[in-house]
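Scroll down for the structure; my scribbles are underneath it.
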Amino acid sequence: MLNAIFVSILVYLTGGVCGLVGERFALRVVYPLSAAAAALAASAAFAFLVNGGDTPIEEVLPIGLPWLHAHFRLDALSAAFLLILNVVGALVSVFSHGYGRHDPEPQRVLPLYPVFLAAMSLVLLANDAYSFLVSWEFMSLTSWLLVLANHREQGTSRAAAVYLLMASFGTAALLLAFGVLAGVGGDYSFAAIRQTAPTALPASIVVALAVLGAGSKAGLVPLHAWLPLAHPAAPSHVSALMSGVMTKVAIYALLRVLFDLVGGAIWWWGGVILLIGALSALIGVLYAVVQSDLKTLLAYSTVENVGIIVIGIGLALAFKADGLSTLAGLALLAALLHVFNHALFKSLLFLCAGAVLMVTGRRDIERLGGLIQRMPVTAFTFLVGAAAISALPPLNGFASEWLVFQAILNGTALPQWLLKFALPIVGVVLALSAALAAACFVRAYGIVFLGRPRSREAASAEEPPAIMRTPLIVLATLCIVFGVLPGLLISLLQPVVHQLFGPEALPFAQSTGLWLVPLRPEQSSYSGPIVFVTIAALVALLVWVIHRFASDRVRRAPAWDCGFPDARPQTQYTGSSFAQPIRRVFGTTVFRARETVDMPAPGDTRAAQFSISLRDLSWEWFYQPVIDLVGWTTEHINVLQFLTIRRYLTLTFAALVLLLSVVAVLQ
C-alpha cells in the first residue's frame with residue numbers, strides 16, 4: 001500500500017513536469033494525471049484503514065542527507081489524512097480540468113498544482129524530522145507560488161508576502177520543536193524520538209512550538225492573518241485545496257507531535273489549546289459574517305472550523321493527561337470527523353465560489369443575486385455546503401459538531417476545577433459560533449443566489465460545464481451521506497484512536513448501524529437515518545398540506561416588494577444591512593467597526609454616502625509592532641555594513657565566545 005502511494009506521488013511529479021511543456025498539452029494532461037494519482041493514493045489509504053491499520057508500513061530511501069536517509073511510514077494517522085487529502089484532491093482535479101481553461105495565466109498554475117499535492121502527501125508519510133521539514137517547505141513554497149498565480153490582481157503581492165512570512169515563521173517553530181525532541185543525541189528519526197520522551201519543561205516547549213508552527217499554517221487566531229489574504233488571492237481550485245486540505249495537513253502535524261512524538265501529556269496543555277480553539281471559532285465566524293467578498297468570507301469561516309477541530313484536540317489532550325482514554329478517544333474522533341467533514345463541505349463551497357467567479361467575474365456578493373435561476377445545480381450544491389457548515393441536521397457538519405458537544409459535556413469527568421469552569425464557557429462559545437455560522441451562510445446564500453440580479457454579469461450568468469458540475473454533485477452527496485451515516489467515517493477512523501490511545505479506548509462500542517452511541521445509550525445517542533426520514537416526512541407532509549388545502553383560485557394583488565414600488569435591484573436587502581445587527585452587537589468590540597453616514601442637506605443633489613470601517617486587532621496588536629520593530633532595527637544596524645575589517649573580526653570573535661559560553665552552560 002505504501003508503494004502504491006509512492007507511485008501516486010511519482011504520477012503527481014510527472015504531472016508537474018508535463019505542466020512545463022506546452023500550455024495546450026499541459027491543460028489536457030496535468031489535471032487528469034492529478035486526479036488519477038489522487039484516486040490511487042486514496043484507494044491505498046482506504047484499504048489500509050479498512051484492514052485495521054494496526055501494522056505500520058515503513059520504508060527507508062537512500063536520499064536526503066548522507067548520514068540520515070529519508071524515512072517514510074504509513075500508519076493509521078497518516079492514512080486517515082492521506083484519504084482526506086486525496087479524496088478532495090481527486091474531485092478538485094476533475095473540477096480544475098474545466099476551470100483551468102478559464103485561468104488567465106494557466107502556465108503559472110499547471111506545473112505547481114500536482115507538486116503541491118505531492119508535497120502534502122510526503123508530509124503525511126515522513127518519518128523523520130528532516131524529510132518532514134523538507135516536504136513541509138515544498139508544500140509552503142508551491143502554495144506560495146500558486147497564491148502568486150494571479151499576480152496582476154490588486155492585493156495579491158501583499159497576500160503572498162504575508163503568507164511567505166508566516167510560512168517561514170511556522171517552519172522555524174517546527175524546526176526548533178524537532179530540535180528539542182531530538183535532544184543532544186541528534187537522532188531526528190521519529191522512531192528514536194518516540195523512545196526518548198522529554199521531561200516536563202522540554203515537552204512544554206515542544207507543545208508551544210508545535211502550536212505556533214502548525215497553528216500558523218492551520219490559521220489559528222492570532223496566527224490567521226495570512227489566511228483571509230492568501231485564500232481569496234489564489235485561483236479558486238487552489239483555494240479549495242489550501243482551505244480544504246492544506247490546513248488539515250497542519251492539523252496532522254499538531255496531532256503527530258502532541259499525541260505521538262511527545263508521549264505524555266499535562267492537563268494544562270489541553271486547557272490552553274482548548275481556549276485557543278474557542279477563540280479561533282468565535283473570532284473567525286464574526287469576521288466571516290461581515291465580509292462582502294465571497295472567498296474572504298469562506299476563508300474566515302475556515303478559521304472558525306479549524307477552531308472547532310482544535311477544541312476537540314485540546315479536550316483529547318486533557319482527557320489523556322488524566323488517564324481517561326475512552327473520553328480522549330471520543331474527543332479525538334470528534335475532531336477527526338470534523339477534519340474530514342470540513343474538508344468536504346469547504347472544498348465544495350470554494351468550488352461553487354469558483355464557478356460563480358468564472359461565469360460572472362465577480363466575488364463581491366453585493367454585485368451578484370438571482371443566480372438560482374441561472375445556475376440551479378451550483379445553487380443547490382452551495383445550499384448543501386452552506387447547510388452542512390452551519391451544522392444543520394442531517395448533514396455531516398451537524399454530526400461532527402454534535403460529537404464535539406458530547407465531548408464537552410463529558411468534561412465533568414476531569415478533576416481540574418479550572419477546566420470544569422472553562423468547559424461550559426467553551427460550550428457556549430461553540431453554540432454561539434454555530435448560530436453565527438448559520439446567520440453568515442443564510443446571508444451569503446440569500447444575497448448571492450436569491451432575489452434579483454444586482455449586476456449585468458449576474459443577469460447573464462449560466463451553469464459551468466458538466467465536468468465542473470460533477471465534482472460539486474459528488475461532494476454535496478458525500479456531505480449528505482456522511483451526515484445520515486456518520487458511523488461509516490467513525491469506523492474508518494477508529495484505528496487512529498487505537499494507535500494513539502491504545503485498544504482500551506473504546507468510544508462508540510455500543511453503536512449500531514442505526515444509532516450512533518458515543519458512550520452509553522442512556523446518556524446520548526443520535527440516529528442520522530431517523531432524523532433524515534423525519535425531516536423528509538415533515539417536508540412531504542407540508543407540501544401535501546399546501547397543495548391539498550391551499551386555494552387554487554387565481555388572485556391578483558400587488559407583489560410584495562419590501563415596501564418599495566421600485567423594481568430596481570438596488571431596493572433589495574443587501575448583505576451589509578443583513579449583517580448590521582451582528583456588526584453593531586459584536587463588531588464595535590471585536591474589530592472596532594465604525595459606520596460613517598454622509599447625508600446631504602435638504603436641497604443638495606449629491607448622493608448620500610454610507611461607509612463601514614473594520615480593523616483587524618490581531619494585526620494591530622501582534623503583527624504591526626513586529627513590523628515596526630524590524631523596521632527600527634534595520635535602520636539602526638545599517639551601520640554594520642560600513643565597519644572596518646578589524647571591527648568585523650572583533651564582532652566575529654565576540655560571537656564565537658558567546659556561543660562557546662552558551663554551550664558550556666548547557667553542558
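For the single chain, residues carry numbers from 1 onward in sequence order.
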Handout entry: Distance-only side-chain donor-acceptor flag, Lys295 / Tyr300, under 3.5 Å
Key = no
Practice task
Go through Glu462 and Arg374 one step at a time and tell me if the side chain to side chain contact (heavy atoms under 4.5 Å, CB included) criterion holds.
Solution key: CA-CA 5 Å; Glu462 58 184 18; Arg374 295 156 184 82; 5.9 Å; no
Exercise for the section: Identify the two heavy atoms, one from Leu419 and one from Gly271, that lie closest to each other, and give their separation to 0.1 Å. Expected result: CD2-CA, 3.7 Å
Handout entry: Distance-only polar pair, side chains of Ser292 and Asp364, donor-acceptor under 3.5 Å
Key = no
Practice task
To the nearest 0.5 angstrom, please state how far the CG atom of Leu282 sits from the CD atom of Glu304.
Solution key: 9.0 Å
Handout entry: Heavy-atom pair with the smallest gap, counting every atom of Ala38 and Gly89
Key = CB-C, 3.9 Å
Problem - Worked check of side chain to side chain contact (heavy atoms under 4.5 Å, CB included) between Ile84 and Val339 - result: CA-CA 8 Å; Ile84 296 167; Val339 164; 3.5 Å; yes
Exercise for the section: Go through the side-chain N and O atoms of Thr142 and Tyr113 and say whether any donor and acceptor fall under 3.5 Å apart. Expected result: no
Completion exercise
Nearest heavy-atom contact between Gly312 and Ala331 is O-CB, 3.6 Å
Practice task
Quick one: closest heavy-atom pair of Ala230 and Tyr163, and the distance?
Solution key: CB-CB, 4.2 Å
Exercise for the section: Could you grab the distance from atom CG of Leu475 to atom CG of Leu91, nearest 0.5 Å is fine? Expected result: 4.5 Å
Problem - Inter-residue atom distance Ser524.OG - Gln406.CD, 0.5 Å rounding - result: 3.5 Å
Exercise for the section: May I have the step-by-step check of side chain to side chain contact (heavy atoms under 4.5 Å, CB included) for Phe340 and Leu83, ending in yes or no? Expected result: CA-CA 9 Å; Phe340 206 110; Leu83 179 62; 4.0 Å; yes
Problem - His342/Phe345 aromatic ring centres below 6.0 Å - result: yes
Practice task
Drop me the distance from Ser143's OG to His231's NE2, to the nearest 0.5 angstrom.
Solution key: 8.5 Å
Fill in the blank from the handout: CG of Asn305 to CD1 of Ile311, rounded to nearest 0.5 Å, is 10.5 Å
Exercise for the section: Supply the atom-to-atom distance Ile389 CD1 to Asn396 CG, rounded to the nearest 0.5 angstrom. Expected result: 10.0 Å
Handout entry: Ser301 versus Tyr287, side-chain donor and acceptor atoms under 3.5 Å
Key = no
Problem - Ion pair Glu457/Arg362, N-O distance below 4.0 Å - result: yes
Practice task
Mind running side chain to side chain contact (heavy atoms under 4.5 Å, CB included) on Met139 and Val249 for me, showing each step along the way?
Solution key: CA-CA 10 Å; Met139 176 182 72; Val249 174; 3.8 Å; yes
Handout entry: Centroid separation Phe95 to Tyr99 less than 6.0 Å
Key = yes
Handout entry: Centroid-centroid under 6.0 Å between Phe350 and His237 rings
Key = no
Handout entry: Thr302-Lys346 side chain donor-acceptor pair, cut-off 3.5 Å
Key = yes
